[in-house]
Student: 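Take a look at the following structure, please.
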Amino acid sequence: MRYWLMKSEPADCSIDDLATMPNQTVAWYGVRNYQARNFMRDQMKIGDLAFFYHSSCPRPGIAGIVCIASAAYPDDTQFDPKSRYFDPKSSQEEPRWLNVDVKLVEKTPFVDLSVLRDTEALASMRILQKANRLSITPVDAEEWRTITTRLMKPKT
DNA sequence: GCCAACGTTGGC
DNA sequence: GCCAACGTTGGC
């Protein structure tokens with residue numbers, strides 16, 4: 001099994017929004033980048049774990065943990081002319097964009113981006129590299145362990 | 001709102 | 001297949 005980091009804009013879907021969804025599950029729609037799509041299509045497996053990351057917001061950082069709850073399937077929003085994610089070049093016959101379902105595992109103590117940056121063991125994390133724009137990135141097991149065991153400890 | 005970095009598009 | 005122009009991302 002693999003680990004991931006998935007970005008969401010909290011104005012769109014925050015960790016608290018996810019918690020109120022039926023079955024605490026949501027389709028990770030709106031990915032319009034081939035590399036991120038291919039991660040979902042080729043490498044994600046049901047049961048993989050991912051950090052739920054808040055981006056493009058006043059306080060960027062990791063807000064919780066989700067698990068991958070489905071295989072990749074066509075993203076409905078690409079067919080909807082009213083959606084901001086509509087893609088006129090896609091078709092039902094040959095869908096261009098996919099999504100997976102993710103399910104909340106837990107809301108964790110918030111780990112600020114600045115804290116991630118200050119953690120030497122995470123220096124090579126994708127999310128911390130300059131101009132990282134991928135909305136889905138792999139996280140290696142060592143990085144996962146550093147974050148969950150060292151940075152998510154509730155303050156005492 | 002700025003701007004750097006990167007992906008995509010389309011003319012040639 | 002090159003590459004300039006353009007759009008988008010996302011932290012600050």
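To find a chain, count down the sequence lines: A is the first, B the second, and so on, and within it residues start at 1.
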Student: I want to check something: taking the side chain as every heavy atom from C-beta on, are A:M44 and A:M6 in contact at a cut-off of under 4.5 Å?
Tutor: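 Answer yes - side chains close enough.
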Student: Specify the separation, in whole Å, of atom CD of A:Q129 and atom C1' of C:dT9.
Tutor: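 To the nearest whole Å, that distance equals 16 Å.
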Student: Contact class for A:R117 vs. all strands (heavy atom < 4.0 Å): base, sugar-phosphate, or nothing?
Tutor: sugar-phosphate
Student: Hydrophobic cluster mates of A:Y34, side-chain heavy atoms under 4.5 angstrom, ILVMFWY only, any path?
Tutor: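 Via sub-4.5 Å side-chain contacts, A:Y34 links to A:W97.
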Student: Please report the distance, rounded to the nearest Å, between CZ in A:R84 and P in C:dG7.
Tutor: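 One finds 17 Å between P of C:dG7 and CZ of A:R84, rounded.
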Student: Would you kindly give the CG-to-P distance between A:D12 and C:dT9, to the nearest whole Å?
Tutor: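 The distance from CG of A:D12 to P of C:dT9 comes to 12 Å, rounded to the nearest Å.
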Student: So, does A:Y53 get its side chain near the phosphate of C:dG11, meaning an N or O under 4.0 Å from OP1 or OP2?
Tutor: yes
Student: Calculate the interatomic distance between A:M6 atom CE and C:dT9 atom C1'; express it in whole Å.
Tutor: 17 Å
Student: Within this structure, what is the CD-to-C1' distance between A:Q35 and B:dT8, rounded to whole angstrom?
Tutor: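 The distance from CD of A:Q35 to C1' of B:dT8 comes to 14 Å, rounded to the nearest Å.
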Student: Quick one: list whatever passes salt bridge (Lys or Arg N to Asp or Glu O under 4.0 Å) with A:K107, sequence neighbours left out.
Tutor: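 In terms of salt bridge (Lys or Arg N to Asp or Glu O under 4.0 Å), with neighbours along the sequence ignored, A:K107 is linked to A:D16.
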Student: For a quick test of your reading: what N or O donor-acceptor pairs under 3.5 Å do the side chains of residues 50-62 of chain A make, sequence neighbours left out?
Tutor:
unit_1: A:H54; atom_1: NE2; unit_2: A:I15; atom_2: N; d: 3.2
unit_1: A:R59; atom_1: NE; unit_2: A:D112; atom_2: OD1; d: 2.8
unit_1: A:R59; atom_1: NH2; unit_2: A:D112; atom_2: OD2; d: 2.9

Student: Expressed as a whole number of angstroms, how long is the span from A:I136:CD1 to B:dG7:C1'?
Tutor: 16 Å
Student: To the nearest angstrom, how far is A:N33 atom CG from B:dT8 atom C1'?
Tutor: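 Rounded to the whole Å, the gap is 10 Å.
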Student: Using nucleotides 1-5 of chain B, report all nitrogen or oxygen pairs with the protein that are shorter than 3.5 Å.
Tutor:
unit_1: B:dA5; atom_1: OP1; unit_2: A:K130; atom_2: NZ; d: 3.2

Student: Nearest whole angstrom, please: distance from the P of C:dT9 to the CD of A:E9.
Tutor: 8 Å
Student: Let me have the donor-acceptor pairs involving side chains of residues 70-77 of chain A, under 3.5 Å, with sequence neighbours excluded, atom names and distances please.
Tutor:
unit_1: A:S70; atom_1: OG; unit_2: A:D101; atom_2: N; d: 2.8
unit_1: A:Y73; atom_1: OH; unit_2: A:D101; atom_2: OD1; d: 2.5
unit_1: A:D75; atom_1: OD1; unit_2: A:T77; atom_2: N; d: 2.8
unit_1: A:D75; atom_1: OD1; unit_2: A:T77; atom_2: OG1; d: 2.7
unit_1: A:D75; atom_1: OD2; unit_2: A:G30; atom_2: N; d: 2.8
unit_1: A:D75; atom_1: OD2; unit_2: A:R32; atom_2: NH1; d: 3.0
unit_1: A:D75; atom_1: OD2; unit_2: A:R32; atom_2: NH2; d: 3.4
unit_1: A:D75; atom_1: OD2; unit_2: A:T77; atom_2: OG1; d: 3.4
unit_1: A:T77; atom_1: OG1; unit_2: A:R32; atom_2: NH2; d: 3.0

Student: Between side-chain atoms of residues 116-126 of chain A and protein atoms elsewhere (two or more places apart, or another chain), which donor-acceptor pairs fall under 3.5 Å?
Tutor:
unit_1: A:R117; atom_1: NH1; unit_2: A:L128; atom_2: O; d: 3.3
unit_1: A:T119; atom_1: OG1; unit_2: A:V115; atom_2: O; d: 2.8

